[in-house]
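Structure record follows, encoded as structure tokens.
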Amino acid sequence: MKKSLFLYLFIIAVLMNLFTYKYFTSKEAAEPKTESGTAETKVDSVSSNANLTYDDDVFSLENNDRAQNYLFETAKINDIPAFSEKVKQALLAYNDSPEGNKYVDQVKMGEQKFIINSMKILNHRWIIANYSNGELWGEVLLKYFVEDNGTISFEVMNSYLYAASLN
């Protein structure tokens, strides 16, 4: 009886060891290795960030060949970065007005005037910009034109002023 008890205990111990070994080997095979897993994660995040940057740059004058060709054919503009800076400075010059920038499509409210904070030139015709008076914020979509004499004129297509926050 003592002999068969030890035999049963030995068989149970062997089976437990076998199941434990099988469990840990299958668990290890199912999990990716941490060293190569981090490398793959880094590569994936870098490529996804590159895709996001590419998607953002699709709507920019610097990466739009058709818009650049249009500007070259109609206004003989070759230097796109210099032209972009000229357009930005022309629009920001209206911030100096005592009533605020007239292209934000908002009248002065209180003491603070509305001015354009930042903008992005989307193509040969459109600009998107955000503006504020320090308390209220908004966005505006503008059309711009290059006149024959080289000056730049603007036209408001649409504007949106966000509601004041309750903070």
Any donor-acceptor N or O pair under 3.5 Å, side chains T20, N17: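 Note: T20 and N17 side chains miss the donor-acceptor criterion.
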
So N101 and N95, side chain to side chain donor-acceptor pair (under 3.5 Å) or not? Walk me through it. CA-CA 5 Å; N101 195 315; N95 284 350; 2.8 Å; yes

Mutual orientation of the aromatic rings belonging to Y131 and F114 [parallel < 30°, tilted 30-60°, perpendicular > 60°]: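 Rings of Y131 and F114: perpendicular, over 60°.
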
Would you name the heavy atoms of K86 and G150 that are closest together and state the gap between them?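 The answer is NZ-O, 2.8 Å.
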
Gap between atom [atom2] of [Y] and atom [atom1] of [X] - 0.5 Å precision:
| X | Y | atom1 | atom2 | value |
| --- | --- | --- | --- | --- |
| S97 | K102 | OG | NZ | 8.5 Å |
| Q68 | L61 | CD | CG | 6.0 Å |
| I127 | L91 | CD1 | CG | 5.5 Å |
| I115 | N117 | CD1 | CG | 5.5 Å |
| Y70 | R125 | OH | CZ | 4.0 Å |
| S153 | K143 | OG | NZ | 11.0 Å |

Measuring only between side-chain heavy atoms, which start at C-beta, is F59 closer than 4.5 Å to I128?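 Result no, sub-4.5 Å side-chain heavy-atom pair not found.
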
Using a 4.5 Å cut-off on heavy atoms from C-beta on, say whether the side chain of S84 contacts that of E62.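 Side-chain contact under 4.5 Å: yes.
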
CA sep, side-chain torsions, deciding dist, call: F19, Y21, ring-ring contact (aromatic ring centres under 6.0 Å, His included): CA-CA 5 Å; F19 287 128; Y21 172 77; over 10 Å; no

Do [X] and [Y] belong to the same hydrophobic cluster, where Ile, Leu, Val, Met, Phe, Trp and Tyr are linked whenever their side-chain heavy atoms lie under 4.5 Å apart, directly or via other members?
| X | Y | result |
| --- | --- | --- |
| M119 | Y162 | no |
| V156 | I152 | yes |
| Y144 | V140 | yes |
| M109 | V104 | yes |
| L15 | L7 | yes |

Can you list the steps and then say if Y103 with E155 is a side chain to side chain donor-acceptor pair (under 3.5 Å)? CA-CA 7 Å; Y103 293 110; E155 176 184 318; over 6 Å; no

For the pair K120 and S60, evaluate side-chain contact (heavy atoms from CB on, under 4.5 Å) and give the outcome as yes or no after the intermediate values. CA-CA 7 Å; K120 183 171 184 175; S60 72; 3.8 Å; yes

Just checking D79: does its CG atom have more than 12 heavy atoms from other residues, nucleotides or ligands closer to it than 6.0 angstrom?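 Buried by this count: over 12 neighbours within 6.0 Å.
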
Check whether NZ of the Lys or CZ of the Arg K76 lies under 6.0 Å from the centre of the six-membered ring of F72 and within 45 degrees of that ring's axis.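 Ring-cation test returns yes.
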
